[in-house]
Enquirer: 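This is the structure, below, for whatever I ask next.
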Amino acid sequence: MDKVYNHKGVEEKLYQQWEKAGYFTPKIDPSASSGQERKPFTIILPPPNANAPLHFGHAMYVVEDILIRYHRMKGDPTLWLPGADHAGFETQFVFEKQLEKKGKSRFDYDRATLYQMIWDYVQENRKGMENQLRRLGFSLDWTRTKFTLDKDIVQIVHKTFKKMYDGGLIYRGERLVNYCTHCGTSFSDLEVVYEERQDPLYYIKYGPLVLATTRPETKFGDTGIAVNPKDKRYQKLVGKEVEIETVLGKAIIRVVADDAVDPEFGTGVVKITPSHDFNDFEIAQRHNLSMKQVIGFDGKMNEHAGKFAGMYVGQARKVIIEEMQQKGLIEKIDDKYIHRIGLCYKCKNVLEPLPLEQWFVRMEPLAKRAIEVVKKGKIKFYPQRHEKTYLNFLENIRDWNISRQIVWGIRIPAWRCQKCKNQKLKSKNTNQNAKIGNNEEMEQSTNNGWVVTDGTKPEKCPNCGSAQLEQDEDTFDTWFSSAQWPFATLQTAKEGDFGTFYPTTVLETMYDILLFWVARMVMVGLYVTGEIPFQNVVLHGMVKDPLGKKMSKSKGNVVDPLEIVEQYGADAVRFALVYGTAFGNDQSLSYPKLEAMRKFTNKLWNMGRFIAMKRIQNSKFKIQNSVQEILEIATHKNDKTMVKRTQKLIKEITEYLDGYQFNYAAERLYDFVWHEFADKYIEDVKKRIDDNSSLILNSLFIILLKLLHPFTPFVTEEIYQQLKFEGSLMMQPWPK
RNA sequence: GGACUCGUAGCUCAGCGGUAGAGCGUUGCAUUCACAUUGCAAAAGUCAGAGGUUCAAAUCCUCUCGAGUCCACCA
């Protein structure tokens with residue numbers, strides 16, 4: 001053995017050895033078990049986006065590997081299933097950036113070509129990403145790897161959509177959506193990022209009234225004026241129509257009373273622009289005000305904006321304000337007004353609320369069950385505080401827009417009959433009465449001609465028999481497929497997997513996708529399978545840069561995990577990530593810590609070296625596996641004490657792992673191994689070494705290697721093999 | 001407007017009701033011994049601030065001040 005542990009060469013060699021031996025694939029052959037059926041332990045890896053290499057935060061999946069290796073050693077049929085996510089919009093966005101560099105855009109290609117180009121790009125990226133996971137030592141069962149666009153997964157996603165549609169949970173509705181006119185697609189509410197901005201608040205004369213608005217350019221889309229019903233100032237006008245002056249001439253507008261209007265704000269009068277504001281849309285629903293769209297999906301004013309048509313919104317606002325000032329229509333401007341506006345989370349442009357027909361999932365019934373299973377304790381959160389966020393989200397949930405106007409994704413299996421799209425269809429579906437807005441039951445004519453299937457193109461329209469059917473151009477929100485990941489993977493990976501491994505044991509991910517992903521998996525999983533998708537939700541914190549800033553591509557402070565692995569070794573990286581930070585809290589990447597952990601792996605190595613040197617050659621001395629056995633042969637009182645301490649250690653580490661207290665486990669191991677076992681015990685044995693104490697030292701050391709193995713698999717395995725023990729450490733039983 | 005996290009030794013962070021802890025760094029000593037990627041030892045904190053509960057508070061409660069995050073339809 002070399003004097004210094006050199007991770008280079010060792011890690012890749014061992015990983016290949018493990019993978020080749022099939023150790024990552026669970027043993028579920030019942031005849032192989034010793035009679036007693038063990039409960040399987042399953043984790044589905046959060047599928048990384050296939051569009052980019054991993055960032056350092058992904059290395060936190062090490063806690064999953066720790067759990068997996070621990071349970072595998074305990075003898076549980078253990079499955080850790082890898083995969084990749086096509087990451088619909090994200091990927092298309094990244095790809096478009098690449099096209100831009102070449103002076104191209106997505107509009108230069110037809111749908112099929114663009115899709116194929118992105119497909120190739122993603123397949124290339126996937127390899128790199130999977131290699132990174134291997135380099136971190138993750139014992140994933142690669143024989144079961146899945147991709148969200150695999151044919152069989154797509155089939156399941158289609159089937160789910162159909163099931164939900166037939167069950168009345170999907171409806172097609174024209175509603176306001178968050179639309180990015182730059183990216184050309186709508187988003188769900190969760191994808192909107194808000195930013196505080198200081199914008200002028202214009203006080204505009206509206207006939208006899210004055211009202212405050214930040215968006216004077218939407219004035220042409222106004223179809224009402226609202227005041228609070230209790231507001232005495234305006235009571236006389238409620239229900240009346242007033243004539244107002246605009247820069248495009250006179251207009252007649254109705255005044256309505258609605259509780260949503262805050263009499264304290266501005267003048268207590270609000271213009272209602274149902275096509276371009278979420279509040280206004282809802283108020284309009286309540287008072288039957290009509291819709292009038294004045295902004296197009298290209299972000300420009302449309303024909304209803306008269307001479308301003310063709311101008312981008314921002315430009316139009318300026319010009320209109322100038323004209324209004326000239327006409328004396330502006331009473332005052334408050335330019336210190338601070339409010340929050342919704343931005344596209346990718347391109348950071350201001351999102352435009354626009355009316356668009358989209359597919360929505362009715363969330364309330366789904367959320368109800370998802371709340372129930374958590375309240376009943378069927379799903380537990382670690383750390384527990386996240387439960388509150390989860391429940392809060394579900395208790396106030398709004399319907400989910402799952403349509404995206406992009407090509408990269410799973411195309412929605414809905415066809416529209418060109419003949420009867422303008423007629424009302426009598427359908428057995430309850431979708432007819434899709435819920436809109438708050439508590440309004442409203443009949444929808446939105447099923448007009450739509451035929452939903454489980455993926456196959458319908459031959460003819462079930463209503464009129466026409467063969468003129470066109471598939472919806474849109475694709476699913478990527479989270480719609482991710483929401484099905486636990487059952488979709490297990491239903492398609494290998495025969496019998498779903499029966500054996502579902503519901504999975506642990507879902508481990510970063511807390512930032514608790515609502516996007518975890519909550520939706522619970523809802524959809526429950527709906528489709530009738531069972532919870534996982535029993536424990538374990539959430540790790542964010543890994544920030546050394547200065548405590550969030551890593552992001554735009555800031556340029558992202559760290560490639562491979563670089564760090566190269567430098568310090570995967571074991572040191574793994575240990576550093578769980579050591580010294582309360583599990584679940586954010587942490588900053590710390591080079592001194594990585595260095596310290598590298599020293600720790602070296603310390604282990606040298607302990608192994610010492611033991612190798614002092615090892616007795618007599619073959620009748622057999623390594624004892626259980627603490628009990630070691631205790632029986634121990635004669636010296638110091639040995640006995642050490643055996644007992646080790647026994648206690650095993651218990652502690654086991655309990656910590658069962659309770660997802662990774663940092664406690666790591667810290668305890670570090671301290672015990674270095675400062676109790678090496679500094680004190682080895683120093684003591686050194687002076688009095690004989691066959692018996694050597695055997696005990698040896699046996700105890702193996703136990704420590706086993707306890708450490710889930711955390712630092714490479715160095716422990718390498719030492720084990722250097723000491724010429726049989727087989728692989730990773731397949732040895734967990735110490736007792 | 002709600003919810004959450006964090007503010008503890010120079011740095012990074014544990015501890016979360018019983019007389020302040022670790023790693024790194026600093027200082028001193030040791031060393032041909034498995035390991036100088038080592039060992040032994042030392043210096044270093046009125047635990048953000050104020051008030052309260054308690055025999056006892058870094059730890060529980062309230063408020064204040066800072067750093068950050070998430071949710072929410074105030075024009």
Side-chain angles (χ1 to χ4, degrees), chain A residues 1-6 176 189-190 192-194 199 201-204 211-216 218 222 225-226 260-273 276-283 337 339-340 342 353 383 385-398 437-438 511-512 514-516 541-542 544 546-550 568 572 575-576 579-614 663-664 666-668 670-671 674-675 678-680 682-683 686-687:
Chain A
M1 286 171 86
D2 292 341
K3 199 167 169 182
V4 172
Y5 172 61
N6 183 8
L176 286 201
D189 295 335
L190 276 181
V192 181
V193 295
Y194 289 91
D199 282 317
L201 181 65
Y202 304 98
Y203 283 74
I204 305 179
L211 56 78
T213 180
T214 52
R215 302 206 59 184
T218 62
D222 293 354
I225 299 175
V261 181
D262 177 1
E264 305 292 319
F265 187 90
T267 58
V269 184
V270 194
K271 69 194 205 62
I272 302 301
T273 321
H276 301 291
D277 184 284
F278 288 100
N279 291 313
D280 294 3
F281 180 80
E282 285 180 8
I283 293 176
Y337 180 60
H339 65 153
R340 292 168 74 82
R385 66 180 113 96
H386 295 293
E387 188 180 304
K388 217 169 172 176
T389 314
Y390 170 95
L391 290 174
N392 186 269
F393 170 66
L394 292 177
E395 278 157 5
N396 302 291
I397 200 155
R398 313 190 85 203
N438 276 342
Y511 61 76
D512 65 335
L514 172 62
L515 306 182
F516 279 98
M542 194 195 303
K544 301 179 182 179
L547 299 173
K549 298 267 181 257
K550 189 171 173 173
Y568 297 93
F575 214 77
Y579 181 96
T581 305
F583 181 74
N585 283 4
D586 293 350
Q587 61 177 310
S588 302
L589 179 64
S590 157
Y591 291 97
K593 188 154 114 183
L594 284 163
E595 183 57 25
M597 296 310 147
R598 197 175 65 83
K599 287 182 181 175
F600 180 60
T601 58
N602 191 61
K603 184 74 184 179
L604 279 175
W605 179 257
N606 273 293
M607 288 163 69
R609 236 158 64 92
F610 174 76
I611 284 164
M613 282 173 66
K614 300 287 176 187
N663 57 313
Y664 290 0
E667 285 152 30
R668 186 77 185 96
Y670 180 97
D671 186 64
W674 199 321
H675 301 303
D679 291 350
K680 301 208 176 77
I682 293 185
E683 290 305 320
K686 216 184 247 180
K687 292 178 241 154

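Letters go in sequence order (proteins before strands), and every chain restarts at 1. What you see is a predicted model, and the numbers here were worked out from it, not measured in a lab.
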Enquirer: In dot-bracket form, 5' to 3', how is RNA chain B paired? Count Watson-Crick and G-U wobble pairs only if both distances fall under 3.5 Å, and write | where the partner sits on another strand.
Expert: ((((((((.[[[[.)..(..]]]].(((((.......))))).....[[[[[..)....]]]]])))))))....
Enquirer: Relative to the 5' end of RNA chain B, which residue comes earlier, Leu190(A) or Thr267(A), by the nucleotide with the nearest heavy atom?
Expert: Leu190(A)
Enquirer: So which heavy atom on Lys544(A) is nearest to which on Lys549(A), and how close?
Expert: CB-O, 3.2 Å
Enquirer: Base, sugar-phosphate, or nothing: which does Leu515(A) touch, judged by heavy atoms less than 4.0 Å apart?
Expert: sugar-phosphate
Enquirer: Please tell me which of Pro592(A) and Trp674(A) maps to the more 5' nucleotide of RNA chain B, matching each residue to the nucleotide holding its nearest heavy atom.
Expert: Pro592(A)
Enquirer: Strictly below 4.0 Å: does Lys271(A) bring a side-chain N or O up to OP1 or OP2 of C74(B)?
Expert: no
Enquirer: For nucleotides G21(B) and U26(B), find the distance between their P atoms and express it as a whole number of Å.
Expert: 23 Å
Enquirer: Heavy atoms, side chains only, cut-off 4.5 Å: are Asp679(A) and Trp674(A) in contact?
Expert: yes
Enquirer: Could you check which of G68(B), U38(B), C24(B) has an atom nearest any side-chain atom of Lys544(A)?
Expert: G68(B)
Enquirer: Using a heavy-atom cut-off of under 4.0 Å over every strand shown, decide if His675(A) touches base, sugar-phosphate, or nothing.
Expert: sugar-phosphate
Enquirer: Just how far, in rounded Å, is P of G39(B) from CE of Met607(A)?
Expert: 11 Å
Enquirer: Once the angle between the rings of Tyr670(A) and His675(A) is folded into 0 to 90°, is it parallel (under 30°), tilted (30 to 60°) or perpendicular (over 60°)?
Expert: perpendicular
Enquirer: If I pick the P atom on G18(B) and the same atom on C65(B), what distance separates them, to the nearest angstrom?
Expert: 30 Å
Enquirer: Look at the side chain of Asp671(A) and the backbone N and O of Glu667(A), then say whether any donor-acceptor pair between them is shorter than 3.5 Å.
Expert: no
Enquirer: Would you say the side chain of Lys599(A) lies within less than 4.5 Å of the side chain of Leu604(A), judging by non-hydrogen atoms?
Expert: no
Enquirer: Calculate the interatomic distance between Gln587(A) atom CD and C6(B) atom P; express it in whole Å.
Expert: 14 Å
Enquirer: With heavy atoms under 4.0 Å as the rule, sort Tyr337(A) into base, sugar-phosphate or nothing.
Expert: sugar-phosphate
Enquirer: Remember a base hit wins even if backbone is also touched, and classify Arg668(A) as base, sugar-phosphate or nothing at under 4.0 Å, heavy atoms.
Expert: nothing
Enquirer: What's the gap between C24(B) and U62(B) when it is taken at their P atoms, as a whole Å value?
Expert: 38 Å
Enquirer: When rounded to the nearest Å, what value does the distance between C1' atoms of G45(B) and U12(B) take?
Expert: 15 Å
Enquirer: We want to know whether Thr218(A) and Lys271(A) form a side-chain donor-acceptor pair, criterion being a heavy-atom distance below 3.5 angstrom.
Expert: yes
Enquirer: Could you work out which one of A14(B), C74(B), U37(B) sits closest to the side chain of Asp262(A)?
Expert: C74(B)
Enquirer: Do the side chain of Glu683(A) and the base of A34(B) come within less than 3.5 angstrom through a donor-acceptor pair of N or O atoms?
Expert: yes
Enquirer: Taking atom types as modelled, is there a side-chain donor on Asp222(A) or Thr273(A) under 3.5 Å from an acceptor on the other?
Expert: yes
Enquirer: Please give, in whole Å, the distance from G23(B) P to Met597(A) CE?
Expert: 10 Å
Enquirer: Over 60° means perpendicular and under 30° means parallel, so tell me whether Tyr591(A) and Tyr568(A) are parallel, tilted or perpendicular.
Expert: tilted
Enquirer: What about Lys3(A), does its side chain sit under 3.5 Å from the base of C35(B) through a donor-acceptor pair?
Expert: no
Enquirer: Could you check whether Tyr591(A) gets within reach of a base, just the sugar-phosphate, or nothing at all, counting any heavy atom under 4.0 Å?
Expert: nothing
Enquirer: Which listed nucleotide (C71(B), C4(B), G39(B)) is nearest to the side chain of Arg385(A)?
Expert: C4(B)
Enquirer: Which heavy-atom pair separates Trp605(A) from Asp2(A) by the least distance, and what is that distance?
Expert: NE1-O, 2.7 Å
Enquirer: Rounded to whole angstrom units, what separation is found between the CG atom of Asp679(A) and the P atom of A22(B)?
Expert: 14 Å
Enquirer: Just to be sure I understand the rule, does Tyr664(A) reach a base, reach only the sugar-phosphate, or reach nothing, if contact means heavy atoms closer than 4.0 Å?
Expert: sugar-phosphate
Enquirer: For nucleotides G10(B) and G51(B), find the distance between their C1' atoms and express it as a whole number of Å.
Expert: 32 Å
Enquirer: Please work out if Val269(A) contacts a base, only the sugar-phosphate, or nothing of the nucleic acid, heavy-atom cut-off 4.0 Å.
Expert: nothing
Enquirer: Which nucleotide in the set G68(B), C4(B), U38(B) lies at the smallest distance from any side-chain heavy atom of Lys599(A)?
Expert: U38(B)
Enquirer: Within 45 degrees of the ring normal and closer than 6.0 Å to the centroid, is that where the cationic atom of Lys686(A) sits relative to Phe610(A)?
Expert: yes
Enquirer: What is the distance, to the nearest angstrom, from the CZ atom on Phe610(A) to the C1' atom on U38(B)?
Expert: 14 Å
Enquirer: Starting at atom CG of Asp586(A), determine the distance to atom P of U69(B), rounded to an integer number of angstrom.
Expert: 10 Å
Enquirer: Give one of base, sugar-phosphate or nothing for Lys388(A), where a contact means two heavy atoms less than 4.0 Å apart.
Expert: sugar-phosphate
Enquirer: Taking the P atom of each, how far is C16(B) from A42(B), in whole Å?
Expert: 26 Å
Enquirer: What is the separation between atom OH on Tyr194(A) and atom P on U69(B), rounded to the nearest whole Å?
Expert: 17 Å
Enquirer: For U27(B) and G17(B), measure between their C1' atoms and round to the nearest Å.
Expert: 36 Å
Enquirer: When you compare A9(B) with G52(B), how far apart are their P atoms, in angstrom units rounded to a whole number?
Expert: 26 Å
Enquirer: Select base, sugar-phosphate, or nothing to describe what Asn585(A) touches, counting heavy atoms under 4.0 Å on all strands.
Expert: sugar-phosphate
Enquirer: Which whole-number value in Å describes the distance from Asn392(A) CG to G1(B) P?
Expert: 17 Å
